[in-house]
Amino acid sequence: MNGPRQQVNRLRRFFNRIDDGTLFDSDLPETFQNLRREVREAFFDLLLRHRPFLEGEIGLEWPYREFEKRAVGMETLARQGETAFLRKQARLFLALLPFPGQWRWLIQVETEMGECSEIQELLASEKRKIKAKIQKKGQKKFKLRHFCQILKRPRPPEEKGILRVFSLPYLFADVRLLKRLNQEYLIYVEPPWGVLARHTWLRAFAQTADPCIIGAGGHEDAAFLSTQEGIVTTRLAHGDFLEEEEVPSGCNKRFDLVFNATYDDMERKRHRFMLDLLARPPLEHITALFIGRGTQTNVDACKQAVQDRGLSERVTVVSNLMRKDVPEQLAACRIGVQTSLHENACRSIYECFRSDLPCIVTSSMAGFNFDLITPRTGRVVSDADLPHAVLDVLSRLDQFSPRRWFLKNSGSRISSRRLNREFENLFARRGYSWHEDIVPLGSSGATRYVNQADYEAFRPAFMQLLEILDPFLPIRLSLE
């Protein structure tokens with residue numbers, strides 16, 4: 001496997017070949033196919049697995065910036081290249097690599113060059129990945145309210161409804177289904193992960209008459225999505241809609257920090273990175289609570305990692321709490337730490353704010369809006385500065401007021417109103433009427449409705465939605 005420095009050099013060689021005019025020296029299709037595969041793998045390897053290295057070496061924006069610099073030249077070749085072979089290869093570069101507007105080119109290539117083995121390989125890979133995700137769920141029947149939510153009922157013909165897809169968005173990646181839904185709804189999607197450039201199946205959402213709204217908390221994802229035709233972005237998603245419930249206060253602070261992350265994805269969440277920091281100076285005396293969901297095998301692996309580092313006396317591992325029980329655990333902690341490589345509007349950070357815990361977030365993380373980290377709510381720091389930031393924040397707790405910030409600037413009530421304004425403006429731009437606001441959004445619970453009466457009020461619309469979805473989705477559906 002190539003290390004991160006080798007992957008950076010691989011991208012640099014590719015960009016240099018574009019600049020010096022040697023990219024198209026070969027006349028063998030397989031040469032270009034292999035090159036595109038290598039470049040794509042290097043890009044995703046760096047942006048998914050080696051973000052801290054990339055940040056420290058040349059910056060997280062570097063790959064996107066380099067693709068953007070060369071986009072116009074590549075588009076000129078795609079349209080005006082001297083030979084059909086050259087035009088085809090340039091179009092494939094634009095369609096299969098994260099150039100600005102990639103999805104537009106991929107949609108064209110998919111339609112006009114569907115027989116191309118490289119395109120067929122991509123389509124087959126997408127289908128395999130989606131099938132694997134469904135099989136991993138292990139369920140035989142899915143309830144609609146567990147992955148989508150009606151925010152506004154359709155009032156045809158002059159006023160469309162709004163459908164929120166907060167989980168399993170890959171189930172909807174069928175252009176025929178999305179066009180059918182768009183007859184009655186504008187679609188608001190909240191992918192549960194960051195670095196959206198790698199999920200090319202999301203291009204299906206860019207092919208409806210009305211734009212699809214994608215909630216992308218992080219700047220990186222929002223910037224990439226903003227170059228795609230048929231997509232409108234909002235920075236509001238998932239954790240922004242955390243309910244403003246009362247939380248325990250005045251509890252005994254038994255832990256210096258809490259690390260809240262699933263045990264089923266420890267490489268992305270970086271549990272071992274955090275444990276390594278706790279095992280050595282200057283954090284060798286810090287106590288920590290690790291909480292999260294996960295299979296017993298992965299929970300046991302985390303416990304073993306704690307034991308291997310001699311941390312059993314200072315680190316407590318708790319698993320599979322009900323969401324309603326999380327605040328009680330947070331009440332025993334002083335600060336939160338989040339080191340994930342990529343998220344989308346990370347819920348655990350907002351949970352810290354709600355429980356009045358300042359949160360320290362690593363700056364290499366994709367998918368979170370760092371504008372929400374203020375001098376009153378926490379710190380955004382590099383990996384290298386994380387240990388000292390932990391000690392500094394712990395020594396200055398009286399300077400932070402994250403719950404006050406949360407109640408004033410975030411949470412279900414405020415974020416729902418902000419989203420409502422964004423949709424109302426979008427409806428006006430599209431020429432649709434607006435007579436009814438969206439209902440309040442939540443961040444937890446089976447239906448994501450803050451007011452459960454809203455679910456019952458939308459039941460007739462859900463029944464119609466079930467009839468629309470049932471022929472298209474590769475799963476069994478039910479209302480209850």
Side-chain angles (χ1 to χ4, degrees), residues 14-15 18 23-24 32-33 35-37 39-40 43-44 47 61 63-81 84-127 129-130 169-170 172-179 181-182 186-189 191 194-216 219-234 426 429-430:
F14 169 68
F15 295 134
I18 295 177
L23 178 62
F24 294 102
F32 296 105
Q33 183 170 346
L35 177 60
R36 282 187 287 268
R37 182 183 299 111
V39 171
R40 191 164 57 243
F43 176 85
F44 292 138
L47 269 298
E61 297 292 328
Y64 298 98
R65 188 170 60 247
E66 297 304 303
F67 278 109
E68 184 179 9
K69 285 180 182 178
R70 295 156 180 85
V72 172
M74 191 67 73
E75 290 179 3
T76 300
L77 288 174
R79 295 189 177 98
Q80 303 173 17
F85 177 80
L86 178 57
R87 293 192 296 272
K88 176 180 179 179
Q89 295 305 321
R91 292 172 70 193
L92 286 169
F93 276 113
L94 289 165
L96 296 172
L97 297 178
F99 285 96
Q102 177 192 5
W103 296 352
R104 169 171 52 88
W105 289 98
L106 183 50
I107 291 167
Q108 290 181 14
V109 166
E110 184 180 354
T111 301
E112 299 170 11
M113 290 191 277
E115 79 289 347
C116 172
S117 62
E118 203 169 352
I119 298 301
Q120 291 178 346
E121 178 183 322
L122 172 69
L123 298 178
S125 174
E126 288 179 341
K127 290 179 180 178
K129 290 177 181 177
I130 291 174
Y170 45 81
F172 292 80
D174 183 320
V175 176
R176 298 167 303 162
L177 168 60
L178 292 169
K179 287 184 175 180
L181 287 171
N182 185 225
L186 267 66
I187 303 168
Y188 167 47
V189 183
V195 195
L196 298 180
R198 76 189 190 279
H199 297 289
T200 49
W201 52 261
L202 277 166
R203 70 188 179 281
F205 291 90
Q207 299 181 61
T208 53
D210 294 307
C212 171
I213 300 85
I214 295 185
H219 167 76
E220 180 181 323
D221 294 324
F224 175 78
L225 288 169
S226 69
T227 73
Q228 314 303 329
E229 295 179 2
I231 298 295
V232 172
T233 62
T234 174
L426 178 59
R429 295 197 300 271
R430 303 296 297 178

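These numbers come from the heavy atoms of this one structure, side chains and all, not from hydrogens, waters or symmetry mates.
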Can you tell me how far apart [atom1] ([X]) and [atom2] ([Y]) are? Round to the nearest 0.5 Å.
| X | Y | atom1 | atom2 | value |
| --- | --- | --- | --- | --- |
| L123 | Q120 | CG | CD | 7.5 Å |
| L92 | F32 | CG | CZ | 10.5 Å |
| K129 | H199 | NZ | NE2 | 8.5 Å |
| R70 | L77 | CZ | CG | 13.5 Å |
| L106 | L94 | CG | CG | 11.0 Å |
| H219 | T233 | NE2 | OG1 | 11.0 Å |

Just wondering, do [Y] and [X] contact through their side chains at under 4.5 Å, heavy atoms?
| X | Y | answer |
| --- | --- | --- |
| F93 | I18 | no |
| L97 | M74 | no |
| V195 | R198 | yes |
| Q89 | R36 | yes |
| S117 | Q33 | yes |
| V39 | L96 | no |
| R79 | R87 | no |
| L178 | D174 | no |

So that I know where these two stand, are F14 and F43 an aromatic pair - ring centroids less than 6.0 Å apart?
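Here the rings of F43 and F14 have centres that are no less than 6.0 Å from each other.
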Aromatic ring proximity F24/F85, centre distance under 6.0 Å
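No, ring centres 6.0 Å or more apart.
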Heavy-atom closest contact (F15 atom, P63 atom, distance)
CZ-O, 4.2 Å
Backbone of [Y] reached by a side-chain donor or acceptor of [X] within 3.5 Å:
| X | Y | value |
| --- | --- | --- |
| T227 | G101 | yes |
| E229 | R104 | no |
| D221 | A216 | no |
| T76 | V72 | yes |

Ring pair (Phe, Tyr, Trp, His ring centres under 6.0 Å) assessment of Y64 paired with F99:
CA-CA 7 Å; Y64 298 98; F99 285 96; over 10 Å; no
Test side-chain contact (heavy atoms from CB on, under 4.5 Å) on F224 and W103 and set out the steps.
CA-CA 10 Å; F224 175 78; W103 296 352; 4.0 Å; yes
Show every donor-acceptor pair shorter than 3.5 Å between a side-chain atom in residues 203-215 and any protein atom, with sequence neighbours excluded, or say none if there are none.
from, atom 1, to, atom 2, distance (Å)
R203, NE, E110, OE1, 3.0
R203, NH1, E126, OE1, 3.4
R203, NH1, E126, OE2, 2.7
R203, NH1, T200, O, 2.8
R203, NH2, E110, OE1, 3.2
R203, NH2, E126, OE1, 3.2
Q207, NE2, R203, O, 3.3
T208, OG1, D210, O, 2.6
D210, OD1, R430, NE, 3.1
D210, OD1, R430, NH2, 3.1
D210, OD1, Y432, OH, 2.9
D210, OD2, K160, NZ, 2.6
D210, OD2, N182, ND2, 3.1
D210, OD2, Y432, OH, 2.9

Looking at E118 and R37, is any side-chain nitrogen of the basic one under 4.0 Å from a carboxylate oxygen of the acidic one?
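Answer for the salt bridge query: no.
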Got a sec, which residues hit side-chain contact (heavy atoms from CB on, under 4.5 Å) with P169, two or more places apart in sequence or on another chain?
V165, V189, P192, W193, W201
